[in-house]
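Notes to accompany the following structure.
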Protein chains: 2
Amino acid sequence: MRPSTLLKRQKIIAAATQLFFKQGYPETSLDQIIEQCGGSKQTLYRYFGDKKGILNEVITQGTEEMKSVFQFQNDSDIPLTKQLNEFGYLYIKTLCSPQLLNMYRIVITESRRDQELAEFFLSRGPQHFHHLLTEFLLQQAEQGKLHINNASLAATRLLGLLRGDFFQQAMLGMPSPSEQEMHKSAQQAVKFFLQGCSIAD
Amino acid sequence: MRPSTLLKRQKIIAAATQLFFKQGYPETSLDQIIEQCGGSKQTLYRYFGDKKGILNEVITQGTEEMKSVFQFQNDSDIPLTKQLNEFGYLYIKTLCSPQLLNMYRIVITESRRDQELAEFFLSRGPQHFHHLLTEFLLQQAEQGKLHINNASLAATRLLGLLRGDFFQQAMLGMPSPSEQEMHKSAQQAVKFFLQGCSIAD
DNA sequence: GACTTATCGTACTGTCCGGTACGGTACGTT
DNA sequence: AACGTACCGTACCGGACAGTACGATAAGTC
């Protein structure tokens, strides 16, 4: 294997990602990818087998990158509300990012043909956020800072409140909220969540 | 115009709906629709202009039908909690129905090309539910049965709680919850919502 | 420098599909 | 019965595109 191989792979994936996100997966031809990143169709088949192989790699790297960007600092010196506000803002911002929205659209479209891809994306994407929040809530509960019986269910609720209408609307191409709206919505959702928690379950 | 024309139109739409929902819109050829409902391609073009014309009609009739199915009885003799539970159950059930899920998938997929369709669907589908709930909450608030400042925001919150993870997962092809789970989830969400409302805003 | 192997460019194949053309046929009207 | 119109069936057009074939060329290895 040549040393340039890995670089070429990344170039192909970068080009494919950009085109898939911009136009959609079925709407992007292999020739367009080649045109964007140079090289020959043969190379593309050598590395990825077929078109779906490219998509798998795009989704894999896309989710990986998102996970690395979404860094939620769990610092016990910071008050609970503030930490949740920050988490909420990050969550809304991530959900409304073109990166995630485009992946959602593609995976939803392909889920009819490729259930495996859908499950993969679900576990690496949405369920990852759920997992992070559940762990955090669990920890807070153990420290007595929060009264919940079921951390996973509580996480589902907070995430649902955070999503609100944004996600559905963004998914259908409506404009994303501003940074200010995201902050405000996150704060309101967290407040509402904590009030509900003070008694619930 | 012949009397059989309307019948034929409906037959075409029924066939197209079934195929679009089962296979997706781009994956369904006009020949397949003809094969299913009989007739000639020419007729199809006579009635609908082009393929997208058929889709528009499918979505229009689909949302119309859903609105007529989703009948929320506002009976002031019934306690608030019970009414909200019923609403919540209906909402979850509708969201997880193949009818709505398939429309969502198609519209999301097409929203890249046809923003108008997306907005049409959004207003007739999701926003219709939001509107119904907002009106109801407003009425309850005016009667002093509920303390909220912003009925629309409150509706967004309850709907978010009701959706929980179900919608995202169903959208990606995961199995829908059972009737029991729907009932239970609706009750829990409503309970949590009402607790949050007792102080919030 | 000789050899190997990855890559390139281009052309090609097979297929699918939206949309059109057109001759024939049933239907409804007068 | 005669006429016009809607409808049917089939064939066709043009274009797009995944995937393949293959000879030419560059890059790395010895």
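All values below come from the heavy atoms of this structure, side chains included, with hydrogens, waters and symmetry mates left out. To find a chain, count down the sequence lines: A is the first, B the second, and so on, and within it residues start at 1.
Atom CD of B:Glu35 and atom P of C:dC17 are 12 Å apart (whole Å). If you measure from atom CZ of A:Arg46 to atom C1' of D:dG19, you get 15 Å, rounded to the nearest angstrom. For the pair A:Ile54 CD1 and D:dG19 C1', the computed distance is 12 Å after rounding to whole Å. One interatomic measurement links the two molecules: CD1 of B:Ile34 to C1' of D:dC8, which rounds to 10 Å at whole-angstrom precision. Atom CG of B:Leu30 is separated from atom P of C:dG18 by 4 Å (rounded to the nearest Å). The distance from atom CG of A:Leu44 to atom P of D:dG19 is 10 Å, rounded to the nearest whole Å. The distance from atom CZ of B:Phe48 to atom C1' of C:dG19 is 16 Å, rounded to the nearest whole Å. Between the CD1 atom of A:Ile33 and the P atom of D:dG19 there is a distance of 11 Å, given to the nearest Å.
Across B:Cys96 and B:Leu101, no two heavy atoms sit closer than the pair O-CD1, 3.5 Å. Taking each heavy atom of A:Lys11 and A:Cys37 in turn, the nearest pair found is O-CB, 3.8 Å.
Looking at the side chain of A:Asp50, the nearest of the listed nucleotides D:dG19, D:dG9, C:dG19 is D:dG19. Residue A:Tyr45 has its side chain nearest to D:dA18 when only D:dA18, C:dT7, D:dA6 are considered. Distance from the side chain of B:Tyr47 is smallest for D:dC7 among the nucleotides C:dG18, D:dG19, D:dC7. Side-chain proximity of A:Lys51 to the nucleotides D:dA18, D:dC7, C:dG18 is greatest for D:dA18. Checked against D:dA6, C:dG19, C:dG9, the side chain of A:Gln42 finds its nearest nucleotide in C:dG9. Nearest to the side chain of A:Thr43, among C:dG19, C:dC8, C:dA6, sits C:dC8.
Remark: A:Lys11 is not in phosphate contact with C:dT7, judged by side-chain N or O atoms under 4.0 Å from OP1 or OP2.
Panel note: side chain A:Gln83, backbone A:Asp75; a donor-acceptor pair is recorded below 3.5 Å.
Heavy-atom nearest nucleotides on DNA chain D were determined for A:Ser40 and for A:Ser29, and the one closer to the 5' end corresponds to A:Ser29.
Between B:Glu57 and B:Arg9 there is a salt bridge, with a side-chain nitrogen of the basic residue lying less than 4.0 Å from a carboxylate oxygen of the acidic one.
Ring geometry for A:His183 against A:Tyr89 counts as parallel: the plane angle stays under 30°, on a 0 to 90° scale with 60° as the upper cut.
For B:Lys41 against C:dG19, a side-chain N or O and a base N or O form a donor-acceptor pair under 3.5 Å.
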